[in-house]
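Here the structure is a predicted model, which means the values were calculated and not measured.
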Amino acid sequence: MATQSGITPRSEDYSQWYLDVIREATLADYSPVKGSMVLRPHGFAIWDNLKTDLDRRLKETGHVNAYFPLFIPMSFLSKEAQHVEGFAKECAVVTHHRLRAVGEGDSARVEPDPEAELAEPLIVRPTSETMIWHMYGKWIDSYRDLPVLINQWANVVRWELKTRPFLRTAEFLWQEGHTAHATRHEAVAEAEQMLEVYRSFAEDMLALPMITGVKSENERFAGAEETYTIEAMMQNTWALQSGTSHFLGQNFAKAFDVTYQTEEGHHEHVWATSWGVSTRLIGALIMAHSDDTGLVLPPPVAPIQVVVIPIWRKKDGSDKQVVVDYAQDIVDRLRAAGFRVHIDAREKLKPGAKYYEWERKGVPLRMEIGPRDVEKGAAFCKLRTGGDKFNLDVRDIEESVAQVLKNMHETLLENARTFRDENTHEVDSYDAFKTSLADKGGFYLVPWNADNDAEDAIKEETKATIRCYPFGEQHKAEGRSCFYSGKPATHMALFARAY
RNA sequence: CGGGGUGUAGCGCAGUCUGGUAGCGCACCUGCUUCGGGAGCAGGGGGUCGUAGGUUCAAAUCCUGCCACCCCGACCA
């Protein structure tokens, strides 16, 4: 009965637990290139499910997909001042287009061919605003061309010094929407709409309740006039920025000189937004729902929603065929009803070993099908989230599985919401904030007089940052004093440690 | 780039102090018995010990250089 878990308990070392879950659930693996990870099939399938669902939501809100190049002329990055400051320090640069072989025998190797140096270096996109706005300049002439509502699914590269699988990697997958509008009002409405798309998407697919709000100036996207964010709480009470939507004003339109002619014949710069979510969402999933046994997946994103484990006794050969036929019939019916079902009929593993494996991998619902169940016309079930095993009648198993999975999703969402609310505190003084944060972590909603230097000082002292000025809370600032400076409060700010 | 640490089989490690012909656990392969919560037994495959040089009859082990990675700081979705 030796334990083979290989997963460090959360209480012992949360960071190690996170890495252990990823390894044991076979979501990702480290590649030979520092900071780059391989998305293994089980991890990529989660991304696939997220992508399919979000893509539908983007199209339902009027967006279309396109694809822009990976390589961007280096000079493009310097066209928007804020933007260059934000990204220049983490760009991969391509300087040559050919290698040559040098040395012989043991010292044989390749090196960039000095004769093949590019006249202008290329950067690997850290984000695509510059390339896209260059192209929009060619496509937009008239008010009749607006709005432009384009999204792309792509990889981007940001050369980070400190990396962590899914949360921060040198290369990651995401979608980035880039829109162009005739008016400020329309662009702001678009940025707000997309934030809401992300918020509901996160609840429906990830069972993650999100706090929505506006970023402080310090945390704002490089080149944006306003950044909206969705923030989630992880199990260690740290915050994770899970998606952003930016109102870019006319910054990029001016930098790339993108104007349109109005109905009255005037030339105006267009108004812009950009917004994105990435494979970081998978990190959020893991850290919000999983436990010391391994991954826990909400049914909508689970690559396998139901695993069926047939059980038989070999001596009694008659058992096996009956059980397998019965199990296969359940699998076929559930698949026909639209569920993602896997039957694990491997002969060399005992049932217990299979249970542990599928629990590590986060399968929401397990069915154990043996001779006893065949007799009863039932399926013996266990939920990944715990509780006693229970029987489902096979006669209406499609409906009952749907109900069980729906309940599980709602429970996950509700538990996450309760945990977040229990760990969110309102304080009035900086001393109370420091004491409480050090003691029990969590989110802190405080009256705040917006001040970048004060924000930096607080980060320096406590490592907490402003996650956002939450929507729906701003009225509370009225008539109050900043918890740090004592000046009149201009906002309600949500402070927390963050990834 | 500063301080600390580690490189030995796919993974995790012992062996290094005190030099003597490569070892353990898991994983993998074969066979038999097992199978309702991580099976047992038997047999088997796999490593130029990070790398380059030096000392020695003999180097994973001692010496020197280099490289890589990890942790703590500085930078960050």
Side-chain angles (χ1 to χ4, degrees), chain A residues 1-8 13 15-16 19-20 23-24 26 29-35 85-91 106-107 126-127 156-164 166-174 176 215 218-222 224 227 229-232 239-246 274-281 283-284 293-294 309-317 319-320 323 327 344-360 366-376 378-382 389 391 459-460 463 465 467 498-499:
Chain A
M1 195 64 87
T3 177
Q4 302 171 12
S5 161
I7 297 177
T8 307
D13 184 339
S15 295
Q16 190 57 51
L19 298 174
D20 290 345
R23 187 191 62 248
E24 292 293 315
T26 65
D29 202 354
Y30 300 96
S31 83
V33 179
K34 179 178 159 60
E85 213 175 293
F87 288 107
K89 281 174 285 187
E90 49 189 48
C91 276
D106 287 346
S107 63
T127 179
V156 287
V157 169
R158 298 180 188 177
W159 213 267
E160 302 283 355
L161 297 177
K162 169 91 181 158
T163 60
R164 224 192 282 254
F166 293 112
L167 299 180
R168 180 169 281 110
T169 49
E171 177 186 0
F172 57 93
L173 304 183
W174 76 348
E176 47 180 326
K215 282 290 185 188
N218 272 3
E219 301 276 331
R220 193 181 288 158
F221 175 73
T227 289
T229 180
I230 50 172
E231 301 277 334
L240 183 71
Q241 176 179 306
S242 306
T244 48
S245 179
H246 313 292
S274 69
W275 26 271
V277 296
S278 71
T279 38
R280 177 179 252 201
L281 289 175
T293 309
I309 299 177
I311 298 165
W312 61 83
R313 293 181 178 78
K314 207 176 197 175
K315 278 181 191 161
D316 194 346
D319 269 3
K320 181 176 174 180
V323 166
D344 185 357
R346 287 176 293 178
E347 308 230 4
K348 303 244 165 172
L349 284 181
K350 293 180 75 174
K354 296 178 183 177
Y355 302 164
Y356 283 105
E357 177 174 340
W358 295 113
E359 281 168 7
R360 276 199 302 279
R366 179 179 79 229
M367 291 182 177
E368 307 168 16
I369 305 289
R372 295 204 294 260
D373 308 287
V374 177
E375 274 175 40
K376 279 189 281 189
F380 198 43
C381 298
K382 166 98 180 180
K389 294 183 184 179
N391 279 302
K459 181 179 183 178
E460 175 76 21
K463 294 189 177 173
T465 51
R467 302 321 307 153
Y499 281 99

Residue pair A:Thr163/A:Leu167 against RNA chain B: nearer the 5' end by closest nucleotide is A:Thr163
Report the distance from atom CG of A:Asp29 to atom C1' of B:G10, rounded to the nearest whole Å. 11 Å
Over how many whole Å does the gap from A:Leu19 atom CG to B:C69 atom P extend? 17 Å
Among B:C71, B:A77, B:G36, the nucleotide that comes nearest once only the side chain of A:Arg372 is considered: B:G36
Please measure how far the P atom in B:G40 lies from the corresponding atom in B:C35, and state the result in whole Å. 14 Å
Salt-bridge criterion met for A:Glu160 and A:Lys162 (N-O under 4.0 Å): no
If you check the A:Arg168 side chain, which of B:C35, B:C76, B:G38 turns out closest? B:C76
By nearest-heavy-atom nucleotide on RNA chain B, the more 5' of A:Glu219 and A:Tyr355 is A:Tyr355
Within the supplied structure, the quantity of interest is the number of heavy atoms (other residues, nucleotides, ligands) at a distance under 6.0 Å from A:Lys376 NZ; does it exceed 12? yes
Pick the C1' atom in B:A27 and in B:G47, then give their distance to the nearest Å. 16 Å
Taking the P atom in each of B:U61 and B:G15, what is the distance between them to the nearest angstrom? 15 Å
Of the candidate nucleotides B:A77, B:C35, B:C71, which contains the atom at the shortest distance from the side chain of A:Ile311? B:C35
Tell me whether the side-chain N or O atoms of A:Glu359 pair up with the base of B:G37 as donor and acceptor below 3.5 Å, since no angle test is needed here. yes
Write down the distance separating the P atoms in B:G54 and B:C72, rounded off to the nearest Å. 39 Å
Are A:Tyr356 and B:G38 stacked, counting the six-membered base ring, centres under 5.5 Å, planes under 30°? yes
Separation of A:Arg158 atom CZ from B:C76 atom C1', in whole Å? 10 Å
Write down the distance separating the C1' atoms in B:U56 and B:U21, rounded off to the nearest Å. 16 Å
For the pair made of CD1 in A:Ile7 and C1' in B:G12, what is the distance, rounded to whole Å? 16 Å
Nearest to the side chain of A:Lys89, heavy atoms from C-beta on, is which of B:C76, B:C71, B:A77? B:C76
Expressed in angstrom and rounded to an integer, what is the separation of A:Asp13 atom CG from B:C70 atom C1'? 14 Å
Taking the P atom in each of B:U34 and B:C70, what is the distance between them to the nearest angstrom? 49 Å
Rounded distance (Å) that lies between atom C1' of B:G38 and atom NZ of A:Lys348: 18 Å
Could you check which of B:C76, B:G37, B:A77 has an atom nearest any side-chain atom of A:Glu90? B:C76
Counting heavy atoms not belonging to A:Lys459, are there more than 12 under 6.0 Å from its NZ? no
Could you give the CD-to-P distance, from A:Glu460 to B:C75, as a whole number of Å? 8 Å
Value in whole Å for how far the C1' atom of B:G37 lies from CH2 of A:Trp358: 16 Å
Heavy-atom check, side chain of A:Arg366 versus side chain of A:Lys389, under 4.5 Å: yes
How far does the P atom of B:C66 sit from the matching atom of B:C24, given to the nearest Å? 37 Å
Using the rule side-chain contact (heavy atoms from CB on, under 4.5 Å), only one of A:Lys354, A:Glu359, A:Arg360 pairs with A:Glu357; which is it? A:Arg360
Sticking with atom C1', work out how far B:A60 lies from B:C13, rounded to a whole angstrom. 14 Å
Can you tell me if A:Thr227 uses its side chain to pair, donor with acceptor, with the backbone of A:Phe221 under 3.5 Å? yes
Please tell me which of the listed nucleotides, B:G36, B:C75, B:G37, lies nearest to the side chain of A:Lys382? B:G37
So which nucleotide from B:G37, B:C72, B:G38 ends up closest to the side chain of A:Lys389? B:G37
Can you confirm whether A:Val323 sits close enough to A:Val374 that some side-chain heavy atom of one is under 4.5 Å from a side-chain heavy atom of the other? yes
Minimum-distance nucleotide to A:Ala353 side chain [options: B:G37, B:G38, B:G36]: B:G38
Side-chain N,O (A:Lys354) to OP1/OP2 (B:G38) below 4.0 Å: no
